[in-house]
Enquirer: 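The following block contains the structure, expressed as structure tokens.
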There are 2 protein chains.
Amino acid sequence: MAVNTQFSIAVHILAASGCCRGEGTTTGKFALSVNTSPSFVRRVVSKLSKAGLLKTTTGKSGSCGLAKDAKMISLLDIYRAVDAPKAFSIHNYPEQKPCLVSCHIKASLEKALKKTQKAMEESLSEISLASIVTEVNKK
Amino acid sequence: MAVNTQFSIAVHILAASGCCRGEGTTTGKFALSVNTSPSFVRRVVSKLSKAGLLKTTTGKSGSCGLAKDAKMISLLDIYRAVDAPKAFSIHNYPEQKPCLVSCHIKASLEKALKKTQKAMEESLSEISLASIVTEVNKK
DNA sequence: CATAACTGTTACTATATTAGTCACAGTTTA
DNA sequence: TAAACTGTGACTAATATAGTAACAGTTATG
């Protein structure tokens, strides 16, 4: 379970908010659709709301709706909103002085992986929520 | 700790194997350099060995050495050798029949994320172990 | 005005993945 | 034959994440 699924849950919630206009788009309904607890959904919704992707109204008959056009929301926006962990993590440890590798590998690796992270984020930025919604509706 | 650091440790080990020719490249030495236990290093070494990236000799004065030229080893090779987790994981749950999104989102998302995973792997394949070694030696 | 039905948030528990440790079998050199 | 390696398996510890419950705050509606 130690794998972050918030990103995919977030996409699900946003897609549902985009598709099911009119019907009750509440965290309770989402929880059923995603098959998790309303509380967990609310936690994700809260992040999306703070990131300006989702607009929520409180009170009775409160609901969730996209804050902007689905075309204007990329998967990268969602990725950042839930602040998913980096693709790679570099192990951290004190440098062992006599060892050249031990002292310098971290910087070298970080530099290299920054490129990879960027490649991934660029790819995410090219996929819009709208394309996901279209795909879902097509079937 | 539920973050996979084996990849970066693997790179460290391979870099050390490339740099420190001659000196004792044993799992014990690596453990000091990486600041972890010899046993854990051996587990990673074992994977790298099976993947054909590292050549080990057993017995007294056994050691580790690159199985091929550092130029011929990409970070993608290493990534695959330690079988690091995918960049994204899609949450799994039973489909909720009446909900269109619940039934179709998974396939749509998988398709989209496959692109991203591929972008990441392509980026990794463009970085060679040799470039890391050069970087380390430069300093 | 009271109640019902939402969101937003905190605190706590359960679970799964990963690293760390120990132990020992197998191998090879001296 | 002993010493010093690799290779593995079993077990424990640490930690990130999901799951759960409880409650405060908000708003529509009778």
Side-chain angles (χ1 to χ4, degrees), chain A residues 1-10 12-13 16-17 23-32 34-65 67 81-93, chain B residues 1-10 12-13 16-17 23-32 34-65 67 81-93:
Chain A
M1 198 152 304
V3 172
N4 194 310
T5 59
Q6 285 192 34
F7 173 72
S8 65
I9 289 176
H12 188 139
I13 291 171
S17 300
E23 309 173 41
T25 50
T26 67
T27 56
K29 294 272 177 59
F30 289 155
L32 281 175
V34 177
N35 206 53
T36 185
S37 65
S39 201
F40 187 54
V41 170
R42 286 203 293 274
R43 225 179 307 172
V44 177
V45 161
S46 173
K47 284 183 184 178
L48 295 174
S49 169
K50 277 174 186 160
L53 303 180
L54 206 58
K55 205 158 25 183
T56 62
T57 53
T58 57
K60 183 166 176 172
S61 77
S63 67
C64 305
V82 299
D83 72 1
K86 286 280 184 297
F88 296 104
S89 60
I90 299 180
H91 65 302
N92 211 343
Y93 49 84
Chain B
M1 200 154 300
V3 172
N4 193 310
T5 60
Q6 285 192 35
F7 173 72
S8 67
I9 289 176
H12 187 139
I13 290 171
S17 299
E23 306 174 46
T25 50
T26 66
T27 56
K29 292 274 176 57
F30 290 155
L32 281 174
V34 177
N35 208 55
T36 183
S37 66
S39 199
F40 186 55
V41 170
R42 285 204 293 275
R43 228 178 306 171
V44 177
V45 161
S46 172
K47 284 184 183 176
L48 295 174
S49 170
K50 278 173 185 158
L53 303 180
L54 206 58
K55 204 156 28 178
T56 62
T57 53
T58 59
K60 184 164 175 174
S61 79
S63 66
C64 306
V82 299
D83 72 0
K86 288 279 185 298
F88 296 103
S89 59
I90 299 180
H91 64 305
N92 210 344
Y93 49 84

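Numbered from 1 within each chain, the chains take letters A, B, ... in sequence-line order.
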Enquirer: Rounded off to whole Å, could you give me the CD1-to-P distance for the B:Ile90 and D:dA18 pair?
Expert: 14 Å
Enquirer: Specify the separation, in whole Å, of atom CG of B:Leu48 and atom P of D:dG7.
Expert: 10 Å
Enquirer: Among all residues two or more places apart in sequence or in another chain, which pass the side-chain hydrogen bond (donor to acceptor under 3.5 Å, both in side chains) test with B:Asp83?
Expert: none
Enquirer: End-to-end bend of the helix from C:dC1-D:dG30 to C:dA30-D:dT1 (five-pair axes, 10° rounding)?
Expert: 0°
Enquirer: Tell me which nucleotide among C:dA19, D:dA18, C:dG20 gets nearest to the side chain of B:Gln6.
Expert: C:dA19
Enquirer: Once you round to the nearest 0.5 Å, how far does CZ of A:Arg42 lie from OG1 of A:Thr26?
Expert: 10.0 Å
Enquirer: When the distance from NE2 of B:His91 to C1' of D:dA16 is rounded to whole Å, what number comes out?
Expert: 19 Å
Enquirer: Rounded to whole Å, please give me the gap between NZ in A:Lys86 and P in D:dT17.
Expert: 13 Å
Enquirer: Give the rounded distance in Å between these two atoms: CD1 of B:Ile13 and P of D:dT6.
Expert: 11 Å
Enquirer: Please output the side-chain donor-acceptor pairs of residues 45-61 of chain B that fall under 3.5 Å, not counting sequence neighbours, one pair per line with the distance.
Expert:
from: B:Lys47; atom 1: NZ; to: B:Gln6; atom 2: OE1; distance (Å): 3.0
from: B:Thr57; atom 1: OG1; to: B:Ser63; atom 2: N; distance (Å): 3.0

Enquirer: Restricting to non-hydrogen atoms, name the atom on A:Ala31 and the atom on A:Val41 that form the minimum distance, rounded to 0.1 Å.
Expert: CA-CG2, 3.7 Å
Enquirer: To the nearest 0.5 angstrom, please state how far the OG atom of B:Ser17 sits from the NZ atom of B:Lys29.
Expert: 12.5 Å
Enquirer: Taking ring pair (Phe, Tyr, Trp, His ring centres under 6.0 Å) as the definition, give me every residue that meets it alongside B:Phe7, ordered by chain and number, with sequence neighbours left out.
Expert: A:Phe88
Enquirer: In this structure, how many angstroms lie between the P atom of C:dT18 and the CD1 atom of B:Ile9, rounded?
Expert: 13 Å
Enquirer: Check the pair A:Ile9 / A:Phe40 against side chain to side chain contact (heavy atoms under 4.5 Å, CB included), numbers first and verdict last.
Expert: CA-CA 10 Å; A:Ile9 289 176; A:Phe40 187 54; 3.5 Å; yes
Enquirer: Would you kindly give the CZ-to-C1' distance between A:Phe40 and D:dA16, to the nearest whole Å?
Expert: 12 Å
Enquirer: Side-chain donor or acceptor of B:Arg43 under 3.5 Å from a matching atom on the base of D:dG9?
Expert: no
Enquirer: Please give, in whole Å, the distance from C:dT21 C1' to B:Asn35 CG?
Expert: 15 Å
Enquirer: Under the rule for side-chain hydrogen bond (donor to acceptor under 3.5 Å, both in side chains), what residues qualify as partners of A:Thr27, not counting sequence neighbours?
Expert: none
Enquirer: What string of B, S and - do you get for nucleotides 2-8 of chain C, 5' to 3', if B is base contact, S is sugar-phosphate-only contact and - is no contact with any protein heavy atom under 4.0 Å?
Expert: --BBBBB
Enquirer: Considering all heavy atoms of both residues, which atom of A:Thr25 and which atom of A:Ala16 are nearest to each other, and what is their separation?
Expert: CG2-O, 4.4 Å
